[in-house]
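Start at 1 and go down the list; that is how both ligands and their atoms are numbered. Just so it is clear, the model here is predicted, and its values are computed rather than measured.
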Amino acid sequence: MIINKTTDSRLATFDQENFTFGNTFSDHMVVCEYQDGKWGDIKLMPYGPLPFTPAMMGVHYGQAAFEGMKAYKDADGEVFLFRPERNFHRMNKSAVRLAMPEVTEEMFIGGLKALVDIDRGWVPHGEGFSLYLRPVLFATEEALQARISTKFMFAIMATPARAYYPKPIAVKVSDHFSRSANGGVGYAKAAGNYGGSFYPTLLAQEEGYDQVIWTDDCEHKYFEESGTMNVMVRINDTIITPKTSEKILDGVTRDSILKVAEHLGVKTEVRDLAVEEVYNAHKNGELKEAFGVGTAVVMSMFKEIGYKEERLALDVLPEDESVAQQLKKFLTDLQANQGEDPFGWRVKVEKGYADQFLK
Ligand SMILES: *Cc1c(COP(=O)(O)O)cnc(C)c1O
């Protein structure tokens, strides 16, 4: 890894009490370029724009995939990643599906650790605060030829994320649009999956919803995901979520919430979840909670589910009655090193990790 530290840090201008998520970037980024059949040097450099041509293949043919994860700072100023190997393997699953070269562990995990170590001042501390990390892999060859690119870029950037208490959301069960299909790219974190979901989401928002519940593309009879999150419901005392498949993305939060639930003795079922089952459970008063789970906001509770002509209202339970909130709290405490980690999920970023690359 080649490290080129900024001589012009913006950290002094970073106000932890007042910043916007997603367009405040830390001082550095990681960049690695692929050509002639191999990856070049891993470079950690000042964050900033890079020159690209509009003939870059990734823009035209959508060979692009990304990851999303977070670094957390505890009360002593130590910084931790959370299950980064899951994101590493998922990035490479996406790479294979999109015919892009896989990234190495040194690039992905090593790059994350070096970036977070050098920019550890950018990891805000406090409940719900974190540094959001965005690895991305995309085709960069300059050619308007519809084929696999021969040049790629892998990059990692970081943007601080604030504590924010997500408002309960209204979701609409899709009876027409689909996010993914059998044999498609739904399980990959393909950039195009997001591009394709914006329009149906916009239409749902025009009807007063926040997000779309994606259903199976054949019959729209089964729950798949909620917006860009995995979906879970609690019917009586059991948390139910669809099993991952080639249409359902294998979320790290989904897997973690399931394992936390098992650890806390909450019953879970991973199986097909029919819209009709959720509808009937609501009618019978057995649908206690429904929510989406993902890295960005961890958990979004549903206050309303739109299905055909009906809008099913859901009570949002107070924290001490909400099983979902209990699971979320265990998970976020674990991530921030404020609670036990019976699973060994926290990965500490040692102070001075990046020094080994500085000569
Ligand atoms: C990223 C993503 C998720 C959530 O995955 P996490 O690893 O929990 O952040 C769920 N569904 C889709 C479609 C996604 O892209």
Within the heavy-atom cut-off of under 4.0 Å, ligand 1 is lined by Arg90, Arg179, Lys189, Tyr194, Glu225, Thr228, Met229, Asn230, Leu249, Gly251, Val252, Thr253, Gly294, Thr295
Sub-6.0 Å ring centroid separation between His282 and Tyr307
no
Expected output: side-chain Thr159 to main-chain Tyr132 donor-acceptor under 3.5 Å:
no
Chi angles and distances behind the side-chain hydrogen bond (donor to acceptor under 3.5 Å, both in side chains) call for His28, Asp119
CA-CA 7 Å; His28 297 91; Asp119 281 349; 2.8 Å; yes
For the residue pair Phe19 and Phe129, categorise the inter-ring angle as parallel (less than 30°), tilted (30 to 60°) or perpendicular (more than 60°).
tilted
Please confirm whether the ring centroid of Phe291 lies under 6.0 Å from the ring centroid of Phe302.
no
Identify, with sequence neighbours excluded, every residue that meets side chain to side chain donor-acceptor pair (under 3.5 Å) alongside Glu141.
Arg147, Thr150
